[in-house]
Amino acid sequence: SPPLAVTHGGKKQLVVSASKRTRSYDPVSGKLIWECGGLGSNVIPAPVLFGDTIIVMSGHRDPNLQAIRLGRTGDLTGTDAIVWTNDRGNSYSASPVLHENRLYFASDNGLLSCLNARTGEIHYRQQRLPKPYTLKSSPVGANGKLYVATENGDVVVVKMGEQYEVLATNTLGDDMFIATPAIAGGSLYLRGQDTLYCIRQSAATSAA
């Protein structure tokens, strides 16, 4: 899991989620600011910041998701600094997508979930994508849509919102996708095993 640099109360801190525990450090001195136990092993998804809350997730053994409120010091394990948790459908490899107070995440076996990022309320959980997919790359969001690139060569497009709705399934030959898609300048970039794809709306279509 990559570290996340945040600023809270005018002070910077570096949040690192790892096996069994999340820790936050002063990036200048290296001093431990706070820590919180409760994650499982092999933590890969990146932490995300929602307001004054850090959301961290593990999807391996003893899977858990924790929304931890910033502003305290010391050991926060078992305290009310943990705003909400989730232990079903968590991502093992993929990082979550945060958009308009909703947290989207996908398990490695192709089950998609959407929760309220503030309260943990379930909008939908473990909805199966159109086929039995396996996932390693993270979903990406743009223009109200979630793009999920699979190891099976399909890119599934899901409408963002509280209701689960698949808008399209796009198949790119016999390729497979492990790298997370990138979006820049109105283009979607997909890196397969041997091919780099750039997908964008044509100028003629845009003019129409």
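Start at 1 with the first residue, then count along the sequence. Quick note: numbers below take in every heavy atom, side chains included, and nothing from hydrogens, waters or symmetry partners.
Listed by chain and residue number, nothing satisfies the ring-ring contact (aromatic ring centres under 6.0 Å, His included) test with His123 (two or more places apart in sequence, or in another chain). With sequence neighbours excluded, no residue forms a side-chain hydrogen bond (donor to acceptor under 3.5 Å, both in side chains) with Thr53. Take Asp75 and apply the salt bridge (Lys or Arg N to Asp or Glu O under 4.0 Å) test, not counting sequence neighbours, and it matches Arg21. Every residue was checked against the side-chain hydrogen bond (donor to acceptor under 3.5 Å, both in side chains) condition with Tyr25, not counting sequence neighbours, and none meets it. In this view, Asp174 satisfies the salt bridge (Lys or Arg N to Asp or Glu O under 4.0 Å) rule with no residue, not counting sequence neighbours. Residues satisfying the side-chain hydrogen bond (donor to acceptor under 3.5 Å, both in side chains) test with Asp52, not counting sequence neighbours, are none. A search for salt bridge (Lys or Arg N to Asp or Glu O under 4.0 Å) contacts involving Lys131 returns Asp154, not counting sequence neighbours. Applying the salt bridge (Lys or Arg N to Asp or Glu O under 4.0 Å) test to Asp62 and every residue at least two apart in sequence or in another chain returns Lys20. Listed by chain and number, the residues in a side-chain hydrogen bond (donor to acceptor under 3.5 Å, both in side chains) with Lys11 amount to none (sequence neighbours excluded).
Rounded to the nearest 0.5 Å, atoms CG (Asn116) and CD1 (Ile122) are 11.0 Å apart. Glu162 contributes atom CD, which lies 7.0 Å from atom SG of Cys114 (distance to the nearest 0.5 angstrom). Residue Ile54 holds its CD1 atom at 9.0 Å from OG1 of Thr22, rounded to the nearest 0.5 Å. Taking NE2 of His8 as the reference point, atom CD1 of Ile33 lies at 10.5 Å (rounded to 0.5 Å). Atom CD1 of Ile68 and atom CD1 of Ile55 lie 10.0 Å apart (nearest 0.5 Å). Gln163 CD to Tyr124 OH: the interatomic distance, rounded to the nearest 0.5 Å, is 9.5 Å.
When atom types are taken as modelled, the side chain of Ser58 and the backbone of Asn64 share a donor-acceptor pair closer than 3.5 angstrom. Side-chain N or O atoms of Asn143 include none that pairs as donor or acceptor with a backbone N or O of Lys145 at under 3.5 Å. Between the Ser137 side chain and the Ala149 main chain, a donor and an acceptor come within less than 3.5 Å of each other. Although no hydrogens or angles enter the test, the distance criterion places no donor-acceptor pair under 3.5 Å between the side chain of Ser107 and the main chain of Gly89.
Scanning all heavy atoms of the two residues, the minimum distance from Met57 to Leu65 falls at CE-CD1, 3.4 Å. The heavy-atom pair separating Leu39 from Ala18 by the smallest distance is CD1-O, 3.9 Å. Of all heavy-atom pairs spanning Ser19 and Val43, the tightest one is N-CG2, 3.7 Å. Across every non-hydrogen atom of His60 and Ser41, the tightest pair is ND1-OG, 2.7 Å. Across Pro47 and Val15, no two heavy atoms sit closer than the pair CG-O, 4.4 Å. The two residues Leu32 and Ser24 come nearest to each other via the heavy atoms CD1-O, 3.5 Å.
Here the side chains of Leu49 and Leu4 are in contact, with some heavy-atom distance below 4.5 Å. Using a 4.5 Å heavy-atom cutoff, the side chains of Tyr92 and Leu135 are not in contact. Annotation: side chain of Glu151 is in contact with side chain of Ile178 (closest heavy-atom distance under 4.5 Å). When side chains are defined from C-beta on, Leu14 does not count as touching Asp26, because their heavy atoms never get closer than 4.5 Å. Contact of the Leu146 side chain with the Leu112 side chain is registered, since non-hydrogen atoms from C-beta on lie closer than 4.5 Å. Proximity of Tyr133 to Thr169: side-chain heavy atoms (C-beta onward) are separated by under 4.5 Å at one or more points. Leu129 is listed as a side-chain neighbour of Tyr164, based on a closest heavy-atom distance under 4.5 Å. In this structure, the side chains of Ser113 and Gln127 stay at 4.5 Å or more apart for every pair of heavy atoms.
Both Val148 and Met160 belong to a single network of hydrophobic side chains, linked directly or stepwise wherever heavy atoms of I, L, V, M, F, W or Y lie under 4.5 Å apart. Hydrophobic clustering (side-chain heavy atoms under 4.5 Å, transitive across Ile, Leu, Val, Met, Phe, Trp, Tyr) keeps Val48 apart from Val6. Note on Leu167 and Leu172: same hydrophobic cluster, where clusters join Ile, Leu, Val, Met, Phe, Trp and Tyr whose side-chain heavy atoms are under 4.5 Å apart, directly or indirectly.
Ser1 and Ser17 share a donor-acceptor pair across their side chains, judged by distance under 3.5 Å alone.
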message: Working note: Phe177 + Lys136, criterion side chain to side chain contact (heavy atoms under 4.5 Å, CB included); need CA distance, chi angles, decisive distance, verdict.
response: CA-CA 8 Å; Phe177 300 102; Lys136 288 292 184 291; over 6 Å; no
message: Assess the residue pair Thr180 and Tyr147 against the criterion (side chain to side chain contact (heavy atoms under 4.5 Å, CB included)); give the C-alpha distance rounded to whole Å, side-chain angles, the decisive distance to 0.1 Å, and a yes or no.
response: CA-CA 10 Å; Thr180 296; Tyr147 295 85; over 6 Å; no
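With Thr134 as the partner, the side chain to side chain contact (heavy atoms under 4.5 Å, CB included) test is satisfied by one option alone out of Asn152, Asn109, Thr150: Asn152.
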Determine all donor-acceptor pairs shorter than 3.5 Å in which one atom belongs to a side chain in residues 80-88; sequence neighbours excluded.
{"residue": "Asp80", "atom": "OD1", "partner": "Arg72", "partner atom": "NH1", "Å": "2.6"}
{"residue": "Asp80", "atom": "OD1", "partner": "Arg72", "partner atom": "NH2", "Å": "2.7"}
{"residue": "Trp84", "atom": "NE1", "partner": "Ala117", "partner atom": "O", "Å": "3.1"}
{"residue": "Asn86", "atom": "OD1", "partner": "Arg125", "partner atom": "NH1", "Å": "2.6"}
{"residue": "Asn86", "atom": "ND2", "partner": "Arg88", "partner atom": "O", "Å": "2.8"}
{"residue": "Asn86", "atom": "ND2", "partner": "Asn90", "partner atom": "OD1", "Å": "2.7"}
{"residue": "Arg88", "atom": "NE", "partner": "Gln126", "partner atom": "OE1", "Å": "3.3"}
{"residue": "Arg88", "atom": "NH2", "partner": "Gln126", "partner atom": "OE1", "Å": "3.0"}

Review item, side-chain donor-acceptor pairs of residues 93-105, under 3.5 Å, at least two apart:
{"residue": "Ser93", "atom": "OG", "partner": "Asp108", "partner atom": "OD2", "Å": "3.3"}
{"residue": "Ser95", "atom": "OG", "partner": "Ala46", "partner atom": "N", "Å": "2.9"}
{"residue": "Tyr104", "atom": "OH", "partner": "Gly161", "partner atom": "N", "Å": "2.8"}

Can I get a per-line list of side-chain donor-acceptor pairs under 3.5 Å for residues 183-197, giving both atom names and the distance, sequence neighbours left out?
{"residue": "Ser187", "atom": "OG", "partner": "Arg200", "partner atom": "NE", "Å": "2.9"}
{"residue": "Ser187", "atom": "OG", "partner": "Arg200", "partner atom": "NH2", "Å": "3.2"}
{"residue": "Tyr197", "atom": "OH", "partner": "Asp175", "partner atom": "OD2", "Å": "2.8"}

